[in-house]
Amino acid sequence: MKKGDHLFLVDGSGYIFRAYHALPPLNRKSDGLPTNAVLGFCNMVWKLMRDARDTDVGVTPTHFAVIFDYSSKTFRNDLYPEYKANRSAPPEDLIPQFGLIRHATRAFSLPCVEMEGYEADDLIATYCRMAEEAGADATIISSDKDLMQLVSPAVSMYDPMKDRQIGIPEVVEKWGVPPEKMIDLQALTGDSIDNIPGVPGIGPKTAAQLLEQFGNLDTLLARAEEIKQQKRRESIVENADKARISRELVTLRRDVPVKEVPDDFLLEPSDGPRLVAFLKAMEFTTLTRRVAEATGTDAGAIEAAEVPVERADTAHGPDMEATPAEAADEAGTEAATMKDEGDTPSLLSALRAEAATAEKIDVDAYQTITDLQTLKDWIDEAFETGVVAFDTETTSLDPMQAELVGFSLATRPGRAAYVPLGHKEGAGDLLGGGPVEGQLPVREALAELKRLMEAPSVLKVAQNLKYDLVVMSRYGIDVAPYDDTMLISYVLDGGAARGHGMDALSEKWLGHKTIQFGEVAGTGKSFIGFENVAIDKATRYAGEDADVTLRLWQVLKPRLAAKGLVSVYERLERPLVPVLARMEQRGVSVDRQILSRLSGELAQSAAAIEEEIYGLIGERINIGSPKQLGEILFGRMGLPGGSKTKTGQWSTSAQLLEDLAAEGHELPRKIVDWRQLTKLKSTYTDALPGFIHPDTGRVHTSYALAATTTGRLSSSDPNLQNIPVRTAEGRKIRTAFIADKGHRLVSADYSQIELRVLAHVADIPQLKQAFAEGADIHAITASEMFGVPVEGMPSEVRRRAKAINFGIIYGISAFGLANQLSIPREEAGAYIKKYFERFPGIRDYIEATKTYAREFGYVETVFGRRIHYPEIRSPNPSVRAFNERASINARLQGTAADIIRRAMIRMEPALAQARLSARMLLQVHDELIFEVADGEVEATIPVICEVMESAPMPARSLSVPLKVDARAAHNWDEAH
DNA sequence: ACAGAAGCTTA
DNA sequence: GTAAGCTTCTGTT
């Protein structure tokens, strides 16, 4: 390097953050990979390389390098452990872009410089010194004030986003001091973002004034007594040490032992094909064209580069579950082959997986926290790392009843602690139950917990967070921001894993068998409740939960980006957690009297039928026992047609009994009736009152977010998604679900949502038109198939078409349709054939789905949710056919599930914005139930319908309108 | 005390 | 033909 040369140094790390926030979101069209910062970076670099002379810099670079931070830990952390401790985790959309920008740098044939233990700023300072010593000039591409201390006659800065050069006059103008005094100025003012203390009460204006007066920091500190203003004087005298440590922190190192020297940064002509290949892979059309033109590259002849952002997971066979060893091996291979390619999502995945499993899980290493100061220290540590895994231990599996017994935290793999709060002495002791000595004062501990849980700069990680959210909320604690490892696993492996519980995830990803809850608290009769577990035992169990959760997060979270599933997690899963937590907490009113009266009526009717049955068969058997019943009906009484179940028992299914009844037999009808009544009684009228919460007087169901393969929710304890509706008897149970005084229940349900989704994804003109016109879809189908006009169509014809429409959604088979319609299989087959002739698009859609599922091992919903079918390539034809039907159904059911999830996530803000107090209580797959104040019903219904009908927007726009029917009434039966 | 089968409820 | 959860019975532990 020599006089006249000009070195450009891009602060790559700084640029990424600034561009990410300043530029509008941008996602790669083909898969949604976030790329806004990458595009900003490429545009900027391209412009500076080509025509820097035309910018405010006004010179052409001869040397060019991009400098990055190596990691967040540097020598400054040793000087001052709190350094940059306030930094929160980077946004989700940004993480994959770190690696991409390093790729971009290489695609531009530019050196990519970073060094362990040093920040990018130190490298920049060092290279500036080297350039100056060589008599050359340098321009730092950054507007960060931390770099302004480097500005000199030979060194200036350039803000690429404002096209503004920053020289000595600009620094003086902005800060009131020349560049060489910037260090002292920063030492006084500090920096809240980097957590540099500075002197409290001294801002840039005061600092500049003081430096003007005293010349420099040392003089100022030595002669601080001369300061006139009392407050200012005291603060400076008192905080002189903070000022000195701050100065050390902000002073950039100009003597980093760098490996490359500025001579290595000689700017060479762009490698057109290489650059075009990268830009094509990023799908930056305009820039690709521009670069191709300028470098004389034939863009059409260049293939998009293989940028290692891991895509479809087809690496291992469909029937094989990767063992932990295999998973680690796979990760290891990736790390080895991509080491010099930069921090790609896959590399990040591999590195994180390695870190999470590197240290063995040792449950005896966890700490029990028994004093407040230790808890504070742990929480401070969480603030430093920015991520903490936590878990609550309670007295009950039901979060609405659970009392907090303790909680655990993990700040990094292997480092976890348990905080016992409510452990009791002497289990089994009659007078026992006094608190165990040496536990923290609950109030103070909860205040500390709240400080951590609500801190915006610390990401809280939990496994099945909704449970903890409900418990925490009952203790007045909100949790945000957060991640849920169970949901991440669900998004990654929906359909591919048996479950997403912590025990299974730990074994799969960490190769570690967790302590079972039952081993700690006992099971069944020996269950003692967590509050009676000894604290050392509880520490091992709870500490492990937090430790494992943190490790799982480290392994799983990067995989989302690597597989392009970030938006599914962020848009369809994570935001739903607090929405469901609130719905569960609200509960729904159930009228005990109505249920008790119904129960009595059902008991009477059932008893009467029971007597008649005994009369007919001549003995008092257990009618509820299919075994005894079968032996009587088909053995002793010799009724015809009895088929056997797979265990060799006589089948006594309702379908079969109905058939027998149709042939004129008296007994089967009575058995069917008896079963219906006893079912209603045992499952609903008898069981529901037991779920009424003693304090709230309402029923609080539990929604599972990660239980179904398709993305639907499930409801349990009690299941409020299968409350009867089909029969008049059953519907009576719904009359017991009532609104609060002065309120109504509003039920809003999507009309034919899955058929509409089918019309959209399979792109069927006749169906789309029918939905657009609001026509009777089953009648239209029948009319198309049988050539019968819709007017005056026999109901049987419409019924058959309806069965076929539903059959399609279920992945139709002649066998199933024949069963449904009670017709021969040949006839059903002929219907299906005819249907496909009239709607060839549906046959194409079904075939395309099967082919896709076979090739990739999964299908995707319209919103990108992946549903795996690992057995779709099974050699067993019936297993294969089952998986094919399921995968056809999954795209439709899953898309519908995604749509209502989106509606639920938006519902509360929409209602709040409309200043309505309606409360969402229940979800039943295509229906939402609200409790609405009497006076607001009219205003609320249109808001609900609008949110539901526009739920796919703006992510997707369906080619078929969605229709929602909503009604208000005093109880669920009338509202539905 | 628990697990699986059968049967029934919903969308 | 798809997706769920709960109750009862039955056999095993």
Side-chain angles (χ1 to χ4, degrees), chain A residues 494-495 518 522-527 621-630 644-657 671-672 674-684 686-688 690-691 701-704 707-727 729-731 733-734 749-755 758 803-821 825 828-829 832 846 867 869 878 881-894 896-897 900 922-927 976:
Chain A
T523 58
K525 214 170 158 187
S526 64
F527 177 70
I621 61 157
N622 183 350
I623 306 170
S625 161
K627 190 167 175 264
Q628 292 182 38
L629 195 62
K644 300 277 181 83
T645 66
K646 59 182 163 194
T647 50
Q649 296 288 320
W650 295 103
S651 168
T652 64
S653 70
Q655 175 70 60
L656 192 129
L657 297 179
I671 293 166
V672 169
W674 180 88
R675 278 190 183 158
Q676 193 206 357
L677 298 177
T678 53
K679 172 78 177 177
L680 292 176
K681 182 170 185 293
S682 67
T683 310
Y684 303 104
D686 288 353
L688 276 173
F691 285 102
T701 184
S702 173
Y703 288 104
T708 71
T709 42
T710 56
R712 274 190 178 180
L713 304 179
S714 77
S715 155
S716 64
D717 309 298
N719 180 355
L720 294 185
Q721 291 181 323
N722 70 346
I723 302 301
V725 72
R726 241 178 53 255
T727 65
E729 280 297 309
R731 265 203 305 278
I733 290 161
R734 291 198 170 212
D749 67 300
Y750 283 108
S751 159
Q752 309 280 17
I753 187 167
E754 288 174 9
L755 273 180
L758 172 70
I804 293 176
N805 276 337
F806 274 94
I808 298 294
I809 293 170
Y810 298 151
I812 200 152
S813 79
F815 181 83
L817 185 64
N819 261 341
Q820 177 65 32
L821 289 173
R825 208 187 314 180
I832 295 170
I846 287 173
I867 300 146
Y869 289 94
S878 73
F882 174 79
N883 278 271
E884 288 172 354
R885 289 195 298 274
S887 64
I888 291 159
N889 172 255
R891 284 183 76 188
L892 307 173
Q893 189 183 111
I900 198 164
L922 303 174
Q923 190 249 43
V924 192
H925 307 311
D926 64 359
E927 176 188 13
H976 184 72

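In what follows, every heavy atom counts, from backbone to side chain, and hydrogens, waters and symmetry copies are set aside. Throughout, protein chains are lettered first and strands after them, A, B, ... in sequence-line order, and every chain is numbered starting at 1.
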Visitor: Write down the distance between CZ (A:Phe691) and C1' (C:dC6), rounded to a whole number of angstrom.
Guide: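 Between C1' of C:dC6 and CZ of A:Phe691: 9 Å.
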
Visitor: Going from CZ on A:Arg885 to OH on A:Tyr869, what distance comes out if it is rounded to the nearest 0.5 angstrom?
Guide: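 So the CZ of A:Arg885 and the OH of A:Tyr869 are separated by 12.0 Å.
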
Visitor: Whole Å only: how far is the CD atom of A:Gln820 from the C1' atom of C:dT2?
Guide: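 In whole Å, C:dT2 C1' and A:Gln820 CD are 12 Å from each other.
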
Visitor: What contact category does A:Ala687 fall into here, base, sugar-phosphate, or nothing, at under 4.0 angstrom with non-hydrogen atoms?
Guide: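 Contact class for A:Ala687: sugar-phosphate only.
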
Visitor: With sequence neighbours left out, what residues match A:Glu927 under salt bridge (Lys or Arg N to Asp or Glu O under 4.0 Å)?
Guide: none

Visitor: Residues in side-chain contact (heavy atoms from CB on, under 4.5 Å) with A:Ala896, at least two apart?
Guide: A:Ile753, A:Glu754

Visitor: With a non-hydrogen cut-off below 4.0 angstrom, is A:Ile812 in contact with a base, only sugar-phosphate, or nothing?
Guide: base

Visitor: Please state how far atom CG in A:Leu720 lies from atom P in C:dA4, giving the value in whole angstrom units.
Guide: 18 Å

Visitor: Once you apply a heavy-atom cut-off of 4.0 Å, does A:Ser716 come out as touching a base, just sugar-phosphate, or nothing?
Guide: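 Contact class for A:Ser716: sugar-phosphate only.
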
Visitor: Scan A:Ala803 against the nucleic acid and name what it touches under 4.0 Å (heavy atoms): base, sugar-phosphate only, or nothing.
Guide: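 Contact class for A:Ala803: base.
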
Visitor: Do nucleotides 6-11 of chain B as a string where each nucleotide becomes B, S or -: B if the base has a protein heavy atom under 4.0 Å, S if just the sugar-phosphate does, - if no protein is that close.
Guide: SBBBSB

Visitor: Going by the rule salt bridge (Lys or Arg N to Asp or Glu O under 4.0 Å), which residues pair with A:Lys679 if we only count those two or more places apart in sequence or in a different chain?
Guide: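 Scan of A:Lys679 (salt bridge (Lys or Arg N to Asp or Glu O under 4.0 Å), adjacent residues dropped) gives none.
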
Visitor: Could you state the atom-to-atom distance from CD1 of A:Ile671 to P of C:dT8 in whole Å?
Guide: 18 Å

Visitor: Using a cut-off of strictly less than 4.0 Å, decide whether A:Lys627 has a side-chain nitrogen or oxygen near OP1 or OP2 of C:dT8.
Guide: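 No.
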
Visitor: Round to the nearest Å and state the distance from A:Leu817 atom CG to C:dT2 atom P.
Guide: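 From A:Leu817 CG to C:dT2 P: 13 Å.
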
Visitor: Whole Å only: how far is the CD1 atom of A:Ile867 from the C1' atom of C:dA3?
Guide: 11 Å

Visitor: NA contact type, A:Gly624, heavy-atom cut-off 4.0 Å: base, sugar-phosphate, or nothing?
Guide: sugar-phosphate

Visitor: Do A:Ile812 and A:Ile804 touch side chain to side chain, with heavy atoms closer than 4.5 Å?
Guide: yes

Visitor: Just N and O in the side chain of A:Asn622: are any of them under 4.0 Å from OP1 or OP2 of C:dT8?
Guide: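 Checking C:dT8 against A:Asn622, no side-chain N or O comes under 4.0 Å of OP1 or OP2.
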
Visitor: Given atom CD1 of A:Ile733 and atom P of C:dT7, what is their separation to the nearest angstrom?
Guide: 13 Å

Visitor: So what does A:Asp749 hit on the nucleic acid, given a heavy-atom distance under 4.0 Å: a base, only sugar-phosphate, or nothing?
Guide: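 No contact.
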
Visitor: The criterion is side-chain contact (heavy atoms from CB on, under 4.5 Å); which residues satisfy it with A:Gln676, sequence neighbours excluded?
Guide: A:Leu680, A:Thr727, A:Glu729

Visitor: What residues, two or more places apart in sequence or in another chain, satisfy salt bridge (Lys or Arg N to Asp or Glu O under 4.0 Å) together with A:Arg731?
Guide: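 Listed in chain order: A:Asp973.
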
